[in-house]
Amino acid sequence: KNRVERVLGMIMDISERKKAEQVLIEKEEKYRALFDSNIDPVCVIDAISLEIKDVNPAFENLYGFNRSEIIEKSYLTLSAQPMETKAAIAFGRQQGYYKVLHRTHQKKNGEKFFIEANLMSHLVDGKEMLFIITQDITRRKEAENSLTEREQKYRAFFESDLIGMAEISIAKEFLSFNERLTHILEY
């Protein structure tokens, strides 16, 4: 009465599916290794909501946030210039790629710094994402600002009416001179 009289079974060849799964696992491992070992801060955001979906260790080091603190937050929270950042993101989405030459960002502790960034649009699981690779250019911007300031001081001194000054080439030709020198030399 409680005897099994018949057993039916079905066998399916899933070797192709298993191979495809293995290839996918290997690609994910390679991506993760490259992503995590990149020396530049990398951030992946949802291109529409602007929510941060992933960051690498270099990002954590630069911004001072650990991954769990920043995931699902708006990328705009990192920017001291949110309107400009939003416009750059929109342009990056439209073009598929955009290079931000300089922008002011802020760390978790509120410290502001200058960045340069490359935005690249990609589809991930049918969703439009932006990969943002950032470089801290604070030292370069500070050096540029210092150079500009020194140039302005030099120009102000050179063009002052205190003394006559000239810049002369090795061939003893005038390259530039100030107004005071023309009065002294009566030219």
Considering all heavy atoms of both residues, which atom of [X] and which atom of [Y] are nearest to each other, and what is their separation?
X      : Y      : result
Lys112 : Ala80  : CE-CB, 3.9 Å
Thr85  : Ser79  : OG1-OG, 2.6 Å
Leu130 : Leu119 : CD1-CD2, 4.2 Å
Lys107 : Phe65  : C-CE1, 4.4 Å
Ile168 : Leu175 : C-CD1, 4.0 Å
Leu62  : Pro41  : CD2-CG, 3.6 Å

Linked, directly or transitively: [X] and [Y] (ILVMFWY side chains, under 4.5 Å):
X      : Y      : answer
Ile48  : Val124 : no
Leu78  : Tyr98  : yes
Val100 : Tyr97  : no
Ile133 : Tyr31  : yes
Ile163 : Ile184 : no

Is the shortest heavy-atom distance from the side chain of [X] to the side chain of [Y] under 4.5 Å?
X      : Y      : answer
Ile70  : Lys73  : yes
Ile45  : Ile89  : yes
Glu28  : Ile25  : no
Arg150 : Ser146 : yes
Met120 : His122 : yes

Is it the case that the side chain of [X] and the backbone of [Y] share a donor-acceptor pair, with hydrogens and angles ignored and the cut-off at 3.5 Å?
X      : Y      : answer
Thr104 : Phe114 : no
Asn178 : Gly164 : no
Glu69  : Asn66  : yes
Asn56  : Phe35  : yes

Could you check whether [X] pairs with [Y] (Lys NZ or Arg NE/NH1/NH2 to Asp/Glu carboxylate O, under 4.0 Å)?
X      : Y      : answer
Lys30  : Glu26  : no
Arg93  : Glu128 : yes
Arg139 : Glu142 : no
Lys99  : Glu116 : yes

- Task: Start with the C-alpha distance between Phe157 and Tyr154, add both sets of side-chain angles, then the distance that settles ring pair (Phe, Tyr, Trp, His ring centres under 6.0 Å), and finish with yes or no.
- Result: CA-CA 5 Å; Phe157 181 69; Tyr154 170 77; 8.0 Å; no
As an exercise, state the distance from [atom1] of [X] to [atom2] of [Y], rounded to the nearest 0.5 Å.
X      : Y      : atom1 : atom2 : result
Met165 : Ser176 : CE    : OG    : 10.0 Å
Ile137 : His102 : CD1   : NE2   : 7.5 Å
Ile52  : Tyr75  : CD1   : OH    : 7.5 Å
Leu162 : Arg180 : CG    : CZ    : 9.0 Å
Phe158 : Glu151 : CZ    : CD    : 10.5 Å
Ile132 : Phe59  : CD1   : CZ    : 8.5 Å

More than 12 non-hydrogen atoms from neighbouring residues, nucleotides or ligands closer than 6.0 Å to CD1 on Ile39, yes or no?
no
Does atom NZ of Lys127 have more than 12 heavy-atom neighbours, drawn from other residues, nucleotides or ligands, at distances under 6.0 Å? no
In short, salt bridge (charged side-chain N to carboxylate O under 4.0 Å, His left out) pairs touching residues 42-57 with sequence neighbours left out are Arg32-Asp54, Glu51-Lys53, Lys53-Glu72, Asp54-Arg67
Measure up the His105 and Tyr63 rings against each other and bin them: parallel (under 30°), tilted (30 to 60°), perpendicular (over 60°).
tilted
